[in-house]
Amino acid sequence: MFIFVWATLQKELFFGFNCSETAARASNRTATVSACAPTVSGTACSGLVGQKMAFNENDCLVSIRADMEYYKTVLQAYPPKHPALDEMVMATSNMLKNCHWSTSESTESSESTEASEKRCASGNPFDDRLCLCEVVQDFQLRAVTINRALGYIASGEHRD
């Protein structure tokens, strides 16, 4: 689905510049990368040398949920509504609604506040489209991390 949405966005919203050549503006608002790093022989694979961490499934899921809520809020806030963005929001909403995340409470209110600060609504249509491009690029990278983390959790390797 993401490839179809990406092609549609590139053609309709990102005309005039090549969004795939624009650098993602990755933010460190959540700890998904470190919280979801698998543990191998007692040492985390996150590239953090000398740091030993035990994988905590609950922390990983809480962080993933926070990411999903953040992107859902940012994409919903983009001023001109677009069917491809609506598809991404709907898919994200369905994942949030249908997945068992954790026993922790939702982080939606704090994430919504932060996400509202990232709105791509400067009033300059080109800057807004460029901002949206960076958000979508960041979401695509984070989706890879989330997919790998959920695969690791589903494999059960961390329970051994």
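Nothing here was measured: the structure is a model prediction, and the numbers come from that model.
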N94 vs M90, side-chain contact (heavy atoms from CB on, under 4.5 Å): CA-CA, chis, key distance, verdict | CA-CA 6 Å; N94 287 339; M90 185 181 304; 3.8 Å; yes
For the residue pair F55 and Y152, does the interplanar ring angle fall in the parallel (under 30°), tilted (30 to 60°) or perpendicular (over 60°) class?
->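 It falls in the perpendicular class, over 60°.
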Side chain to side chain donor-acceptor pair (under 3.5 Å) partners for N147, two or more places apart |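 If we apply the side chain to side chain donor-acceptor pair (under 3.5 Å) test to N147, skipping adjacent residues, there are no hits.
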Test side chain to side chain donor-acceptor pair (under 3.5 Å) applied to S63 - qualifying residues, sequence neighbours left out =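 Side chain to side chain donor-acceptor pair (under 3.5 Å) list for S63, sorted by chain: T32.
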What's the separation between atom [atom1] in [X] and atom [atom2] in [Y], rounded to the nearest 0.5 Å?
{"X": "C19", "Y": "L130", "atom1": "SG", "atom2": "CG", "value": "8.0 Å"}
{"X": "I64", "Y": "T145", "atom1": "CD1", "atom2": "OG1", "value": "9.0 Å"}
{"X": "T92", "Y": "M68", "atom1": "OG1", "atom2": "CE", "value": "4.0 Å"}
{"X": "L13", "Y": "R129", "atom1": "CG", "atom2": "CZ", "value": "7.5 Å"}

State which residues pass ring pair (Phe, Tyr, Trp, His ring centres under 6.0 Å) with F15; sequence neighbours excluded, sorted by chain then number.
->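 Expected list: none.
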D86 side chain reached by L75 side chain, heavy atoms, under 4.5 Å =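 Answer no - side chains too far apart.
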Got C133 and F17 here, is their nearest side-chain heavy-atom distance under 4.5 Å?
->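 Of all side-chain heavy-atom pairs linking F17 with C133, at least one is under 4.5 Å.
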Closest approach of [X] and [Y], non-hydrogen atoms and distance?
{"X": "V135", "Y": "Y71", "result": "O-CE2, 4.0 Å"}
{"X": "C60", "Y": "I153", "result": "SG-CD1, 4.0 Å"}
{"X": "T22", "Y": "Q137", "result": "O-NE2, 2.9 Å"}

Qualifying residues under side-chain contact (heavy atoms from CB on, under 4.5 Å), relative to S93, sequence neighbours excluded |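 Residues passing side-chain contact (heavy atoms from CB on, under 4.5 Å) with S93: K72, V89.
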Those residues that, when tested against D127, pass side-chain contact (heavy atoms from CB on, under 4.5 Å) (two or more places apart) =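 Scan of D127 (side-chain contact (heavy atoms from CB on, under 4.5 Å), adjacent residues dropped) gives S122, N124.
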Start with the C-alpha gap between I146 and R65, add the side-chain angles, then the distance that decides, and say whether side-chain contact (heavy atoms from CB on, under 4.5 Å) holds.
-> CA-CA 10 Å; I146 290 169; R65 181 178 180 91; over 6 Å; no
Could you give me the CA-CA distance, side-chain angles and deciding distance for K81 and L85, then say whether side-chain contact (heavy atoms from CB on, under 4.5 Å) is met?
-> CA-CA 7 Å; K81 298 298 176 197; L85 292 178; over 6 Å; no
Please lay out, stage by stage, how F139 and V74 fare under the test side-chain contact (heavy atoms from CB on, under 4.5 Å).
-> CA-CA 10 Å; F139 188 28; V74 171; over 6 Å; no
Quick one: do the Y78 and D128 side chains pair a donor with an acceptor below 3.5 Å?
->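 Y78 vs D128: no donor-acceptor pair found between side chains.
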